[in-house]
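Written below as structure tokens is the structure these notes are about.
The figures here come from the full heavy-atom set of this structure, side chains too, leaving out hydrogens, waters and symmetry mates. Residue numbers count from 1 along this sequence. All values derive from a computational prediction rather than experimental measurement.
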Amino acid sequence: MDGVGGLLVVDVVQRVAGVPARHEEDELEGAGGGGGHVERKKSKMKLALSLLLLGGASAFTAPLSTRSVQTSLSAATGTKQDFLEATPYWDQSTVPVNTAKNKSPFIGKVVSTKRIVGPKATGETCHIIIEHEGKLPYWEGQSYGVIPPGENPKKPGKPNSVRLYSIASSRYGDDMTGNTASLCVRRATYWCPELQADDPAKKGICSNFLCDTSPGDEVSMTGPSGKVMLMPEEDPKTDLIMVATGTGIAPYRGFIRRLFMEETPAREAYAGEAWLFLGVANSDALLYDDEWQEAKANPTANGGKLRVDYALSREDTNKKGGKMYIQDKVEEYADEVFNKLDSGAHIYFCGLKGMMPGIQDMLKEVCSGKGIDYDEWLDGLKKNKQWHVEVY
């Protein structure tokens, strides 16, 4: 599937020129400091526009890779993605938390909403870019809360409850300005066997609201929240093992963009291996595959690299001849995964909570085969802050 790069061309040109730009059952198939705005001089604005138009009209009719947009923008402005960094860049003491609260949410505006799965995917997943004007800064691995419009059906007269979504972009946003954030949202529907159709009364209120948004629509947002999924950047040789089902891919997109697709201090320093495991139902349900392939082809100057393995439950089979779920794919590389963890790697899990029992049963079995006490092993990972879980 094409990525979101093509979406960004007009928006990036507008921003550089100073013009405002106008989950559930199917996902289980895979599981069994402050913001800133960079002002541009007029000459640089014209140069950025020229760079993006360099290929002629085709720049607007064919998908443009995210890194191509970023490279053109950086070249035009003479800047790197370093204006939202801590000092030093890996210091987590200034991570922003709960800038906007439930009683006084920030009102963001939708920049774009795009379906990012193919026609044979087992549901609809959308990539949604939201303008926050640099007033709701976040770090990779954090979440936003979204309060959908309307009354809470369980509490008449009260607003809807907040729903948390992992942020699917780096702190610089897809347009690299630090003024936007992206969400990866699967439209939650309920198939009624009696009606033989989706039951609109049981659809997910917030996911449907977000997937139906159009440019300019307002979104009530809270947060950012959470520190459990932050990347450990102090030692750039640290390996990362990222395990996801469905839209649980969101925080890892932020990680990968920061480490491999943007000109950040983290990319400049990174020398480890970031290993992504993604479980979905079929090839049409893969998320951001074009970006992963691009990142794989662009290792860092210090040898940092991305590795990707997919578990396609409706297309692949595991070693026992059954469906290939995410735990089966991780198990294929159990020795390597355990060796990496023994050497200090960090492992992350994100997706529906139904993914974890299968993962934990697999890890227990591997530990048993190696003569390792599972509980002690897991306690050690948690004590060393190598174990990161965010499920919903």
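Every residue meeting the salt bridge (Lys or Arg N to Asp or Glu O under 4.0 Å) condition with D212, not counting sequence neighbours, appears here in chain and number order: R187. Residues meeting the side chain to side chain contact (heavy atoms under 4.5 Å, CB included) test with K296, sequence neighbours left out: Q293, L306, V308. Among residues two or more places apart in sequence or in another chain, the salt bridge (Lys or Arg N to Asp or Glu O under 4.0 Å) test is passed with K319 by E331.
L286 CG to L312 CG: the interatomic distance, rounded to the nearest 0.5 Å, is 5.5 Å. Rounded to the nearest 0.5 Å, atoms CD1 (I128) and OH (Y165) are 8.0 Å apart. Annotation: the span from M221 atom CE to N102 atom CG amounts to 13.0 Å, rounded to 0.5 Å. For the atom pair OG1 (T317) and CG (D328), the distance works out to 9.5 Å, reported to the nearest 0.5 Å. Atom CG of residue L341 and atom CG of residue L378 lie 10.5 Å apart, to the nearest 0.5 angstrom. Within the model, atoms NZ of K227 and OG of S143 stand 14.0 Å from one another, a figure rounded to the nearest 0.5 Å.
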Step by step, work out the side chain to side chain contact (heavy atoms under 4.5 Å, CB included) result for S161 and N152. CA-CA 7 Å; S161 300; N152 189 326; 3.2 Å; yes
Y252/S166 under side-chain hydrogen bond (donor to acceptor under 3.5 Å, both in side chains): CA gap, chis, key distance, verdict: CA-CA 10 Å; Y252 309 143; S166 297; over 6 Å; no
As a quick check of understanding, evaluate side-chain hydrogen bond (donor to acceptor under 3.5 Å, both in side chains) for S170 and E262, giving each step before the final call. CA-CA 9 Å; S170 81; E262 299 174 355; 2.8 Å; yes
Before giving the answer on side chain to side chain contact (heavy atoms under 4.5 Å, CB included), spell out for I372 and F338 the whole-Å C-alpha distance, their side-chain angles and the decisive distance to 0.1 Å. CA-CA 11 Å; I372 298 172; F338 271 62; 4.3 Å; yes
Please assess L210 against C126 for the test side chain to side chain contact (heavy atoms under 4.5 Å, CB included), listing each intermediate value before the final yes or no. CA-CA 8 Å; L210 288 170; C126 294; over 6 Å; no
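Remark: R163 is not positioned above the aromatic ring of F209, lacking an NZ or CZ atom under 6.0 angstrom from the ring centre and at most 45 degrees off the axis. Note that K329 lies outside the cation-pi zone of Y310, set by a 6.0 Å cut-off to the ring centre and a 45° limit from the axis.
A perpendicular orientation is assigned to the rings of Y144 and Y138, their planes being inclined by more than 60° (bins at 30° and 60°). Relative orientation of the W377 and Y374 rings is tilted, given thresholds of 30° and 60° on the angle between their planes.
Under the 4.0 Å criterion applied to side-chain N and carboxylate O atoms, R257 and E140 are not assigned as salt-bridge partners. Taking the charged nitrogens against the carboxylate oxygens, R267 and E85 have no contact shorter than 4.0 Å, which rules out a salt bridge.
Judged by distance alone, the side chain of N302 and the main-chain N or O of G304 form no donor-acceptor pair under 3.5 Å. No donor-acceptor distance shorter than 3.5 angstrom exists from the side chain of D239 to the backbone of K340, with no hydrogens or angles considered.
More than 12 heavy-atom neighbours from other residues, nucleotides or ligands sit within 6.0 angstrom of NZ on K370.
Proximity of N160 to C206: side-chain heavy atoms (C-beta onward) are nowhere separated by under 4.5 Å.
When E268, Q81, M176 are each tested for a side chain to side chain contact (heavy atoms under 4.5 Å, CB included) with E263, only one passes: Q81.
Residues F349 and W387 bring their aromatic ring centres within 6.0 Å.
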